[in-house]
Amino acid sequence: MPKITWLGHACFLIEDEIRIIIDPWIRGNPQCPIGLEEVPKLEHILVTHDHGDHLGDAIDLAKRDDAKIIAIYDLAEYVRGQGVKNAIGANIGGWMDVDGIKYKLTPALHSCKHGVPVGFLIRLRDGKVIYHAGDTGFTNEFEVIGRLNRIDVAMLPIGGHFTMDIREAVIATQVLNPRVVVPMHYGTFPQIKANPEEFKKALRWIKPEVEVRVLKPGESFTI
Ligand code: NI
Ligand code: MN
């Protein structure tokens, strides 16, 4: 069964036959409980956008493991320029296949230097669908994403200031309609202090069928 581990902030490790990491900010991430050397050998590295708390250690990990970086076209070109051999540039649209895993880039309402910020839909080999929203404000795109995909696990930012806050993430969960939602991108900096239990409590009223998983950094669950 695929195992998902939260490494703090927006970083998640998905361990299946293929190991995938999303937004690998390990060094300098005050929430990350492990060092770079403790990150297992990776095959795919997904980067939602080029801000330091997301691009993080992606380039060094890609070089260490000869892993593929999957990102918006312009960011993939940038990391290629930094010496990453396997950079797969894509764009917002339909599914693509990388080693039997399906990926879809989704719009995110945010900023960045290279290309545009995105979220990722990930369809694992067993058909389970994971959605990592990236850094984003609330967008009506969530409704379309929810209609087009049966999402098993959604990772949504709740910290405010740079992204959605709890209220917006609650409405996002309502329209995305995932089986499980995991709050992220909170508590790392003073500006994004948020209590995930409030998120959980609000959803109990509004969308009780969605399971809210509040993880501690380093904590895992299987899907
Ligand atoms: Ni950002
Ligand atoms: Mn961020």
Side-chain angles (χ1 to χ4, degrees), residues 4-14 20-34 36 39 45-62 69-79 82 87 89-92 103-122 130-139 141-142 145 153-173 176 181-196 199 214-218:
I4 298 177
T5 307
W6 187 43
L7 294 175
H9 204 57
C11 180
F12 289 86
L13 177 67
I14 302 166
I20 304 162
I21 203 164
I22 312 167
D23 286 349
W25 183 34
I26 310 294
R27 284 177 298 193
N29 175 356
Q31 288 185 332
C32 185
I34 62 170
L36 206 58
V39 176
I45 299 170
L46 315 186
V47 184
T48 61
H49 63 298
D50 56 20
H51 288 157
D53 55 325
H54 298 264
L55 182 57
D57 299 296
I59 292 169
D60 286 346
L61 284 167
I69 290 189
I70 301 162
I72 193 85
Y73 185 82
D74 318 78
L75 179 54
E77 286 297 294
Y78 168 74
V79 301
Q82 299 296 306
N91 224 308
I92 293 165
Y103 293 109
K104 200 193 294 194
L105 274 57
T106 61
L109 210 55
H110 195 65
S111 68
C112 66
K113 276 205 199 101
H114 300 91
V116 294
V118 298
F120 281 95
L121 279 157
I122 305 159
I130 297 166
Y131 172 54
H132 186 293
D135 274 3
T136 185
F138 184 87
T139 156
E141 300 285 347
F142 292 137
I145 293 167
V153 181
M155 296 133 174
L156 302 181
I158 66 160
H161 196 104
F162 304 108
T163 68
M164 295 190 281
D165 61 17
I166 286 174
R167 287 182 188 212
E168 289 158 335
V170 165
I171 307 303
T173 307
L176 285 164
V181 65
V182 183
M184 64 165 181
H185 212 278
Y186 66 92
T188 330
F189 320 119
Q191 303 101 304
I192 60 172
K193 216 167 164 245
N195 182 358
F199 176 65
V214 175
L215 300 176
K216 288 187 192 74

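In listed order, ligands and their atoms are each counted from 1. Numbers here simply count residues along the sequence, with the first being 1.
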Contacts of Asp74 that satisfy salt bridge (charged side-chain N to carboxylate O under 4.0 Å, His left out) - sequence neighbours left out: none
With a cut-off of 2.8 Å, how many protein N, O or S atoms neighbour the Ni ion (ligand 1)? 4
Main-chain N/O of Thr163 paired with Glu168 side-chain donor or acceptor, under 3.5 Å: no
Could you walk me through whether Asp50 and Tyr78 satisfy the side chain to side chain contact (heavy atoms under 4.5 Å, CB included) test, starting with their C-alpha distance in whole Å, then the side-chain angles of each, then the deciding distance to 0.1 Å, before giving a yes or no? CA-CA 10 Å; Asp50 56 20; Tyr78 168 74; 5.9 Å; no
In residues 6-13, what donor-acceptor pairs under 3.5 Å come from side-chain atoms, sequence neighbours left out?
from: Trp6; atom 1: NE1; to: His9; atom 2: O; distance (Å): 2.9
from: His9; atom 1: ND1; to: Thr188; atom 2: OG1; distance (Å): 2.6
from: His9; atom 1: NE2; to: Asp53; atom 2: OD2; distance (Å): 2.7
from: His9; atom 1: NE2; to: His185; atom 2: NE2; distance (Å): 3.2

Atoms listed for the Mn ion (ligand 2) (protein only, N, O or S, under 2.8 Å, no waters) are Asp53 OD2, His54 NE2, Asp135 OD2, His185 NE2
Before giving the answer on side chain to side chain contact (heavy atoms under 4.5 Å, CB included), spell out for His132 and Asp23 the whole-Å C-alpha distance, their side-chain angles and the decisive distance to 0.1 Å. CA-CA 10 Å; His132 186 293; Asp23 286 349; 3.7 Å; yes
Okay, side chain of Thr48, backbone of Gly119: is any donor-acceptor separation there less than 3.5 Å? no
So Ile122 and Ile22, do their side chains get closer than 4.5 Å, heavy atoms only? yes
salt_bridge(Asp57, Arg27) N-O dist < 4.0 Å: yes
Distance-only side-chain donor-acceptor flag, Asp135 / His51, under 3.5 Å: no
